[in-house]
Amino acid sequence: MFSIADNIQNVRKRIKKARELSSLKYGESSSPSVQLLAVTKKRTAGEVKQAISEGLFDIGENYLSEALEKQQTLQTMVGDDEYAQITWHFIGPIQSNKTRSIAEYFDWVQTVDRLKIVQRLNEQRPSHLDALNICIQVNINNEESKSGIVLEDVFTLAKTIDSLPNLVLRGLMCIPNAHQSMQELQKSFKLMENQFTQLKQLYGTVDTLSMGMSADIEAAIDGGSTMVRVGTDLFGKRT
Ligand SMILES: *Cc1c(COP(=O)(O)O)cnc(C)c1O
C-alpha cells in the first residue's frame, strides 16, 4: 500500500527521468519544464489536502458541482492563506449554463472548444480577478465521444481568445485515444507539438501543452508536453 505522498514522489521521479531522456534525445533546449497537475475528480477534500501538503498546488477538476463543494470544504480545512495558493484548473466538458461559476471559481479552463464558451467566459470573468487562463482542447484523434476541435480550427479560435480582455491564451490540451498503438500515440503527440510550436510563434502568452495522463506520462513528455494531468497514479484507481 502506497501513500499519496509516496505516489507523488514516484510520479515526480518519472517526470524528471522522462525530461532527462528527452533532453538527451533532442538536446537541452527542447526539454521544457513539465508541470504536474493533480487530477482530483472523485477524490475527497482530505485527499486534495494531502496533495497540497506535498507542495502540489495545481489541482484539476472535471465536474463543476463536485468541484465547488470540495473547494468549500477544503477552504475550511486548510484556511484562507493556504487555500489562496491553489491554482484550480477546469478540465471537464463545459455546458454553457455552467460558464459563470467556472469563470468565478477557476484560474484555468483547459477544455475550451467553441466560440460561445469563449465569449461567455470572457463576459462572466469577475473584474476583480486576473484574466482567466485558457487552453484550447483539441480532439486529436477525431473521436465522436470526445470534446475538442480539429487541429486545423485552432488558429481561428486562438485569435478570438487572444483578442478578449478577460482571457489569456496559454496553449493546447488533448486527451488522445487510449486504445491506439504506441506509434499512433506518438504521432498524435507530435501533431499537437507542431501546432503548439506554431501557436507559440504567434502569441507570446502561449507556453502550455497539456498532455499526458497516468498511463502515458513518458510518451507525452517525449512528445513535448509541458503539463501532465495525473489522477490514478497519485491517488489510486477511481471507483
Ligand atoms: C481523469 C482525467 C485525467 C487523469 O487521468 P488518470 O488516468 O487517472 O491519470 C487527466 N485529464 C483529464 C481531462 C481527465 O478527465
Side-chain angles (χ1 to χ4, degrees), residues 2-18 34-45 47-48 50-51 54 56-68 70-71 86-95 98 102 105-114 117 121 132-149 170-180 182 185 188-189 192 196 208-239:
F2 286 95
S3 69
I4 291 175
D6 291 336
N7 290 343
I8 291 173
Q9 209 180 3
N10 281 333
V11 168
R12 283 183 168 142
K13 273 189 204 148
R14 282 170 67 189
I15 293 171
K16 184 163 178 271
K17 193 159 174 222
V34 177
Q35 253 182 299
L36 174 57
L37 175 69
V39 176
T40 53
K41 60 175 174 241
K42 301 197 173 167
R43 295 293 159 188
T44 64
E47 288 171 301
V48 181
Q50 288 185 57
E54 298 301 316
L56 206 43
F57 287 99
D58 282 283
I59 306 294
E61 286 282 343
N62 292 61
Y63 310 107
L64 183 65
S65 58
E66 179 192 331
L68 296 182
K70 208 178 297 177
Q71 286 180 341
I86 303 172
T87 301
W88 292 97
H89 299 245
F90 193 80
I91 59 170
I94 306 173
Q95 294 164 278
K98 302 283 172 63
I102 293 174
Y105 293 101
F106 286 82
D107 306 292
W108 286 64
V109 185
Q110 297 202 11
T111 40
V112 167
D113 66 354
R114 57 196 191 274
I117 298 299
L121 289 173
L132 190 57
N133 298 289
I134 302 289
C135 289
I136 297 173
Q137 182 175 358
V138 177
N139 189 352
I140 190 65
N141 301 120
N142 300 319
E143 294 172 273
E144 254 177 55
S145 62
K146 287 200 180 127
S147 313
I149 60 176
R170 297 299 295 267
L172 302 176
M173 175 276 202
C174 72
I175 311 169
N177 183 336
H179 306 293
Q180 55 190 342
M182 182 50 75
L185 183 66
S188 301
F189 288 143
M192 288 292 295
F196 173 62
T208 303
L209 182 55
S210 172
M211 54 189 200
M213 311 189 348
S214 294
D216 56 14
I217 292 174
E218 287 79 5
I221 292 174
D222 181 80
S225 170
T226 72
M227 185 188 289
V228 290
R229 309 178 308 268
V230 182
T232 306
D233 284 0
L234 295 179
F235 303 104
K237 234 178 151 71
R238 285 178 296 273
T239 46

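Both counts, for ligands and for their atoms, begin at 1 and track the order of listing. Numbering starts at 1 and runs along the sequence shown.
- Taking CD from Gln9 and CG from Leu234, the interatomic distance works out to 12.5 Å, rounded to the nearest 0.5 Å.
- Proximity of Thr232 to ligand 1, defined as any heavy-atom pair under 4.0 Å, is shared by backbone and side chain alike.
- Where the criterion is an N or O separation shorter than 3.5 Å, residue side chain and backbone included, Asp233 fails it with respect to ligand 1.
- When non-hydrogen atoms are compared, ligand 1 lies under 4.0 Å from neither the backbone nor the side chain of Gln110.
- The CG atom of Asp107 lies 8.0 Å from the CG atom of Leu132; values are rounded to the nearest 0.5 Å.
- At a 3.5 angstrom cut-off on N or O pairs, Met173 does not count as close to ligand 1.
- When each atom of ligand 1 is checked for a heavy atom of Val230 under 4.0 Å away, the hits are 9 (O).
- Atom-to-atom distance recorded for Met173:CE and Ser210:OG is 5.5 Å, nearest 0.5 angstrom.
- Closest to atom 12 (C) of ligand 1 by heavy atom, among Lys42, Arg229, Glu61, His89, is Arg229.
- The option from Lys237, Arg238, Met213 that lies nearest to atom 10 (C) of ligand 1, judged by heavy atoms, is Met213.
- Looking at Gln71 and Glu61, their side chains never come closer than 4.5 Å, going by heavy atoms from C-beta outward.
- Looking at Thr226 and Gln35, their side chains never bring a donor and an acceptor atom within 3.5 Å of each other.
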